[in-house]
Amino acid sequence: MPIGQCKLCLKTKVIRRSHLVPRALYEMSRDTRAKKPDPVLMTRRVAVRTNRQIEDYVLCGDCEQRFNKNGEDWILRHVDNGKHFPLLQTLKLAIPFRATQRIVAFSGAAVGIDTEKLAYFALSVLWRSSVHEWRILGQTTSVSLGVHEEPVRKYLLGEDAFPSDVHVLVVACTDLASRGSFYVPGVLRHGLTMMYVLLTRGIYFRVHAGGRISPQMRELCCLCSPHKPIFMRDCEDKTTDACGPLFSTARITEDLLATYQF
């Protein structure tokens, strides 16, 4: 393991091999129906079963543990693990404070869900994507937090409060496609606000940063709003929007064609 500067604490230490998204998500995504049960990785060029993971030397051991303690461990206990989806099961037993035909809203504060763990996890993955160019199968993936990168770093390190111009929306997905998938952060521009999206096996995150965040939008934040809301809805449209364009350019390998009959 190399000696270098940890990108979170900025100290010179032994640098560990870090993952962009938790390693356990890959294990949860193995398909026992296939002769080769490795997860399916899809890029702009190829869709293939592989044991390769998005990882590189980025953080020291202390900062890896900080991420685990403040977000990842909790998330991994609440995502859809292939047998159970604890977050969704908790919400289905709770009383919503608002509901429409498409979406149901619950108070994380009332239900007893640690929404700070959700917000911390989302920002930790976005920040990792911003401070390093991650590579896999000849492709790179990253997003830019721009001027928000340093305030987010200080929040993740515990040196500053949650950034005032950032908010995190969380959705528990009811559809099977979203519950069985995860994807790395992507970015959309929404007026003057940058909007980032990521999916973690049934938990969909949308992070807004910068611009003028209206009071109505801030009410949707799982951390800043008094309700600390968590939403429940069918997110198949979101997953299709994120992954659908890849099908038009990715070469699908023979084993996947045989398994899923594309």
Side-chain angles (χ1 to χ4, degrees), residues 18-43 46-55 64 67-94 104 106 108 111-115 117-118 120-122 124-125 128 136-137 141 170-186 197-206 222 230-244 246-247 250 252-253 255-262:
S18 305
H19 283 74
L20 176 55
V21 295
R23 175 170 32 192
L25 294 178
Y26 294 90
E27 184 64 30
M28 294 177 189
S29 301
R30 289 169 61 83
D31 186 354
T32 56
R33 298 173 300 167
K35 291 182 179 179
K36 183 180 180 182
D38 292 325
V40 176
L41 172 69
M42 182 173 287
T43 72
V46 66
V48 61
R49 289 194 181 279
T50 179
N51 61 7
R52 297 282 299 277
Q53 301 178 7
I54 305 176
E55 55 183 339
E64 284 279 2
F67 280 175
N68 291 339
K69 176 182 177 181
N70 291 333
E72 285 187 12
D73 286 347
W74 191 96
I75 289 290
L76 293 174
R77 292 197 305 270
H78 289 82
V79 297
D80 190 318
N81 60 20
K83 297 179 180 179
H84 308 286
F85 187 1
L87 179 62
L88 184 63
Q89 291 164 352
T90 296
L91 295 180
K92 285 185 173 180
L93 296 174
V104 183
F106 300 86
V111 175
I113 293 172
D114 192 341
T115 58
K117 292 288 197 302
L118 288 160
Y120 187 98
F121 173 79
S124 76
V125 176
R128 273 175 275 189
I136 189 167
L137 298 181
T141 180
V170 179
V171 181
C173 308
T174 58
D175 63 288
L176 293 178
S178 302
R179 292 171 58 174
S181 308
F182 65 91
Y183 53 76
V184 298
V197 293
L198 63 146
L199 176 71
T200 309
R201 290 193 62 90
I203 305 180
Y204 171 81
F205 298 92
R206 194 173 74 197
C222 71
I230 298 177
F231 301 91
M232 182 175 71
R233 61 161 286 189
D234 185 316
C235 294
E236 187 171 357
D237 57 336
K238 304 295 185 185
T239 303
T240 300
D241 287 345
C243 302
L246 299 179
F247 279 105
I252 301 173
T253 57
D255 63 322
L256 285 185
L257 289 170
T259 301
Y260 295 109
Q261 299 180 347
F262 284 104

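Basis for what follows: all heavy atoms, side chains included, without hydrogens, waters or symmetry-related copies. What you are looking at is a predicted structure, and each value in this text was computed from that prediction instead of being measured.
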Gap between atom [atom2] of [Y] and atom [atom1] of [X] - 0.5 Å precision:
| X | Y | atom1 | atom2 | result |
| --- | --- | --- | --- | --- |
| Leu25 | Ser181 | CG | OG | 11.0 Å |
| Ile230 | Thr115 | CD1 | OG1 | 6.5 Å |
| His84 | Gln89 | NE2 | CD | 7.0 Å |
| His78 | Ile203 | NE2 | CD1 | 8.0 Å |
| Asp73 | Lys117 | CG | NZ | 9.0 Å |
| His19 | Glu64 | NE2 | CD | 9.0 Å |

### Chi angles and distances behind the side chain to side chain contact (heavy atoms under 4.5 Å, CB included) call for Lys238, Val197
CA-CA 9 Å; Lys238 304 295 185 185; Val197 293; over 6 Å; no

### Task
Specify whether Phe67 and Tyr120 have parallel, tilted or perpendicular ring planes, treating 30° as the upper limit for parallel and 60° as the lower limit for perpendicular.
perpendicular

Pairwise side-chain contact, [X] with [Y], heavy-atom cut-off 4.5 Å (strictly under):
| X | Y | result |
| --- | --- | --- |
| Val170 | Phe205 | yes |
| Val111 | Thr90 | yes |
| Ile113 | Phe106 | no |
| Ile136 | Thr50 | no |
| Leu118 | Ile75 | yes |
| Arg30 | Asp38 | yes |
| Val171 | Arg206 | no |
| Lys92 | Met232 | yes |

#### Entry: Partners passing ring pair (Phe, Tyr, Trp, His ring centres under 6.0 Å) against Tyr26 (at least two apart in sequence or in another chain)
Phe182

List the atom of [X], the atom of [Y], and the distance in Å for their closest heavy-atom pair.
| X | Y | result |
| --- | --- | --- |
| Leu199 | Ser178 | CD2-O, 3.7 Å |
| Val79 | Phe85 | C-CD1, 3.6 Å |
| Tyr204 | Cys173 | CB-SG, 3.8 Å |

### Task
Carefully, step by step, assess Leu88 and Thr174 under the rule side chain to side chain contact (heavy atoms under 4.5 Å, CB included).
CA-CA 8 Å; Leu88 184 63; Thr174 58; 4.1 Å; yes

### Chi angles and distances behind the side chain to side chain contact (heavy atoms under 4.5 Å, CB included) call for Phe231, Leu91
CA-CA 9 Å; Phe231 301 91; Leu91 295 180; over 6 Å; no

### Task
May I have the step-by-step check of side chain to side chain contact (heavy atoms under 4.5 Å, CB included) for Arg49 and Asp31, ending in yes or no?
CA-CA 10 Å; Arg49 289 194 181 279; Asp31 186 354; 3.2 Å; yes

### Message
Treating Thr240 as the side-chain partner and Asp237 as the backbone partner, does any N or O pair qualify as donor plus acceptor under 3.5 Å?
### Response
no

### Side-chain donor/acceptor of Asp175 to backbone N/O of Glu236, under 3.5 Å
yes

